[in-house]
Structure formats: structure tokens, C-alpha cells
Amino acid sequence: MFSRNLAKTLLFSTALTMLTACAVVDKKDTAEESNWFVRLFEKDGQNYADRATIAYSNGQFNQTLEYTTEALKANPRNQQALLVGALAAEKLGRYNRARQYYEDLIIINGQETSILGSSDGQPQKISEIAKNNLRVITIAQSNLTIENRDGTKHFAIANDAGELQSKTTIANALNKKNITTVRTQPVGVDDIFTPQEQNIVSRFLILKELAEKDFITKDEFLSRRLANIGGLLPLTRKAPGIGIDQPAPSPDLIIERLEILKDGVENRAITPREFSVERDIIIEALMSPNPRQRIKNKAPSKNVLDAANDLRRIEVLYNLNLITENERNAEQKAVEKYLGINRTQDKPKVVVKTEPVTTVEAPAPIQIVSTPKEAPQSAAVESEAINNSTPAVTSPF
């Protein structure tokens, strides 16, 4: 009897223990982050998190990531491990991994503080440190320019987007007005602008938009425009700097990049000096005010069809507000000159120059006309002289 009661008691205790355990496990998945089980769970992997912190302090960044991985295996929510791992990943240039850790910290949004990664060296909430450092990564990963071995900067992303936007803008300007030229049939962007010319137009459009939105000063706009305007006016202005005919990102991407930089300064993710340096790099890569080398300008057109496209091209640039009216008129006259229109007008000038010669010879006919009656007499006298002299000459024979 006693053994039977003992068995019932043990069975009841076992069932109660299992139900209690199930209740605890269920608490793990609740939204309440302050229960005792979560606090106990977050202590898991702390030993590896501490080792990762020590390795990071010693500059052993690869070792830091190894310890971080072990810590997160035991507890994916260990904020110390996530923070130290993200900082080490940044040092190694593994920005995607650092971004993942920072995003996890922002989601956790804990109350823990740290001086590691703090912008001012003071204790700061780890979630705020993650937000600021994530902005820095965004700035680094959205860089528009790449430095070549010779130190020159050039654009390296979004070429297709830039070409597409440039072509659309030019096409809209092409259809803005009914441009009448020698060639009357409809033409497209590719018919009158080469891909290189489209790239040049795109860079001038970007420069103009940056000036209109106060991302660059008036002096910066004018100096760069003056140094490279030959890319739009090849017959009347000096050739532009080399590289201006290469693809460029779309204006939207460049403006977005500058907005990210401004946001980084406002949130103290970067310093004002870092913003200024990055902005100058973008503008310099877009168009230099002092080109060291220049491309070769387009040769003048020698036939009517090509000249007609040149005239239409000038009108499109004028409709885009990239050139002034005086610049347009000067370039149009240059097109006509090289086509030969002025040379056909040179012939009347030659005739005018010979008129003084004809007026000098005019008095001789006037004297003959003034004495018409004397002309037959002189002619008769001359004929008689010839008749009289003829026998004298021929008589000896």
C-alpha cells in the first residue's frame, strides 16, 4: 500500500515538474524581456564575449571574431559580443558582417552602455553606438568615387543609371521645341549625341543641379563650367578636361550621397571636416576646375546633314539651359562657317574689288563716242595712205 502511494506521489511530482518546465520554456518566447529566464539565458556565452573584448583591445581582430562567433552560438542576444564583433569586423573591412551585428543591437534596443565605439569616449547606450556606426558604414558603402593608382578620382557605380537619366533628360529637351533645321525628319538622342557627348551633358546637368540645391557654391559652379564648357561648345571654346566624357552616376545618386553625408554630420557619425573632404572628392571627380590634360574637341562638320545635327544639338543644349544665348549664336555661326556658307559669300567681294579697275579704263570708250564724225574721216585717210603706199613697196618686184 505504501509503495503504491509512493509511486503515485512520484508520478504526480514528475508531471508537475514537466508542466513547470514547459511554462518556463513558453516564457522564453514571450515579449517580456525582464523575466528571470531571459536574464539567465543572456549570461550564456559571456566568457567568450569577455575574451572577444580582450582580443579587440589587443588589436587581435580575427581572434575577436572567433570568440564573438562562439559567444553568439551560446547567446545570439549578447550585446557585448555583438558590439565587439561589429567593431572588429569594421577594422577588417567586413562591413556586411558589421552591419548585421549593428542591426541586431538596434533591434534588441537594450539599456546597456559602453565606451567602446562611443563617439566622445563617454559611456553611451550600445544601441545608440550601433546606430551611429551603422551610419558610418552606410556612408562608406555608398561611396561614389574610386581612387586610381595615379591618385585621380573617378566614378565607379551606377553608370547605367546615369546614362539612362541623361538620355531621358536630353530627349525631353529635344522635344521641348520644334527645332527647324536643314534636316526635317525626326531624330533621336543617339542620332545627334554620341555616348561620350551624352556623358558630358550629364555631368553639366549634375553640376547645375548641385548649384541650384546649394551643394556647391556659385564660384565652384562657374570655375568648373568655364574650364570645361568646350565639351558643349567644341568650335568656339577650349577643349574640356580629360575624363569628362566618361559615364557618371545619376544626379539622384550623387544628391542622395551628399544627403547621407550631411545626415552623418548632424548625427556626429562623421566630422564636418570628413564631410567637406568627401564632398570635394565628389565634385572634383565630377568636373575639375583646373584640368591637367584635355580631350580633343570634335572636328567641324563638312556636310549639310552633319551640320544640321550640330545645329539641332546646340538648340537642345540651349533648351537645357546649359549654354547662354550668346554662346549659342557664336557656336551656330562657327558651324555655318566651317560648312562653307561664308566662303560662298566671298565671290561678290572679289568682284567689288575689281570695280575700281573697270572705272579707270572707262574714259577711253567715252572719248571715242564723243567724236563719232571724225572716225570715218580718219579711217578713209588711213585707207588712202595704205593704198598709196602699197605700189611703192611692191614696184621693185
Side-chain angles (χ1 to χ4, degrees), residues 144-145 147-148 150-155 162-163 165-166 169-170 173-174 176 192-251 253-255 257-258 276-301 309-338:
L144 293 174
T145 58
E147 184 172 347
N148 288 334
D150 58 359
T152 58
K153 306 290 192 306
H154 67 94
F155 293 115
E163 291 175 359
Q165 186 159 349
S166 172
T169 305
I170 296 173
L174 180 62
K176 183 178 180 181
I192 58 176
F193 287 93
T194 65
Q196 291 75 21
E197 290 171 342
Q198 293 177 36
N199 293 334
I200 295 174
V201 172
S202 177
R203 288 175 182 262
F204 273 94
L205 288 171
I206 296 171
L207 189 72
K208 177 173 172 285
E209 189 168 354
L210 292 180
E212 292 172 347
K213 296 188 176 181
D214 294 328
F215 283 107
I216 62 175
T217 65
K218 180 180 179 181
D219 291 338
E220 287 175 326
F221 170 78
L222 292 177
S223 62
R224 283 163 171 78
R225 182 185 185 277
L226 182 62
N228 298 277
I229 193 63
L232 303 179
L233 306 169
L235 302 183
T236 57
R237 295 303 180 92
K238 190 176 182 180
I242 193 170
I244 195 174
D245 57 348
Q246 298 301 308
S250 68
L253 281 174
I254 292 182
I255 291 175
R257 168 67 175 172
L258 293 175
S276 179
V277 170
E278 181 73 11
R279 187 198 73 104
D280 292 345
I281 290 175
I282 292 176
I283 300 173
E284 182 70 20
L286 180 66
M287 197 175 297
S288 175
N290 300 300
R292 296 181 180 180
Q293 295 179 321
R294 296 180 181 270
I295 64 175
K296 186 177 181 180
N297 261 342
K298 176 185 174 183
S301 298
N309 283 340
D310 289 343
L311 294 175
R312 188 182 291 265
R313 173 179 171 274
I314 295 169
E315 288 296 328
V316 172
L317 297 177
Y318 181 72
N319 291 340
L320 289 170
N321 295 320
L322 295 180
I323 60 176
T324 66
E325 185 174 359
N326 290 336
E327 290 172 338
R328 177 189 65 172
N329 294 337
E331 191 75 5
Q332 286 175 342
K333 290 180 180 178
V335 172
E336 295 171 354
K337 174 184 176 182
Y338 286 107

Do any N or O atoms from the side chain of [X] and from the backbone of [Y] form a donor-acceptor pair under 3.5 angstrom?
X: Glu220; Y: Thr217; result: yes
X: Arg279; Y: Phe215; result: yes
X: Gln332; Y: Leu311; result: no
X: Ser223; Y: Asp219; result: yes
X: Asp310; Y: Val335; result: no

To the nearest 0.5 Å, how far apart are [atom1] in [X] and [atom2] in [Y]?
X: Arg294; Y: Ser288; atom1: CZ; atom2: OG; answer: 9.0 Å
X: Asn319; Y: Ile170; atom1: CG; atom2: CD1; answer: 12.0 Å
X: Ile314; Y: Asn309; atom1: CD1; atom2: CG; answer: 11.0 Å
X: Ile255; Y: Glu209; atom1: CD1; atom2: CD; answer: 3.5 Å
X: Lys337; Y: Thr236; atom1: NZ; atom2: OG1; answer: 11.5 Å
X: Ile216; Y: Ile282; atom1: CD1; atom2: CD1; answer: 11.5 Å

Measure the shortest side-chain to side-chain distance between [X] and [Y] over non-hydrogen atoms and say whether it is less than 4.5 angstrom.
X: Asn228; Y: Phe204; answer: yes
X: Val316; Y: Phe193; answer: yes
X: Glu212; Y: Lys208; answer: yes
X: Leu205; Y: Pro251; answer: no

For residues 237-245, please give each side-chain donor-acceptor pair under 3.5 Å, one per line with the distance, not counting sequence neighbours.
none

Check the side chains of Gln246 and Gln196 for a donor-acceptor pair under 3.5 angstrom, ignoring hydrogens and angles.
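Not at all, the side chains of Gln196 and Gln246 share no donor-acceptor pair under 3.5 Å.
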Which atom names give the shortest non-hydrogen contact between Glu331 and Leu235, and what distance separates them?
OE2-N, 3.0 Å
What are the two closest heavy atoms between Pro234 and Asn297, and how far apart are they?
O-ND2, 3.3 Å
So does Arg225 pair up with Glu327, basic N to acidic O under 4.0 Å?
yes
Got a salt bridge between Glu284 and Arg224, using NZ or NE/NH1/NH2 to carboxylate O under 4.0 Å?
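Yes, this pair counts.
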If the condition is side chain to side chain donor-acceptor pair (under 3.5 Å), which residues does Arg257 pass it with, not counting sequence neighbours?
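Once residues adjacent in sequence are excluded, the partners of Arg257 under the side chain to side chain donor-acceptor pair (under 3.5 Å) criterion are Ser142, Glu278.
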Take Arg328 and Thr324 through the test side chain to side chain contact (heavy atoms under 4.5 Å, CB included) and record every step on the way to the result.
CA-CA 6 Å; Arg328 177 189 65 172; Thr324 66; over 6 Å; no
Pair Leu258-Leu210, side chain to side chain contact (heavy atoms under 4.5 Å, CB included): steps then yes or no
CA-CA 10 Å; Leu258 293 175; Leu210 292 180; 3.8 Å; yes
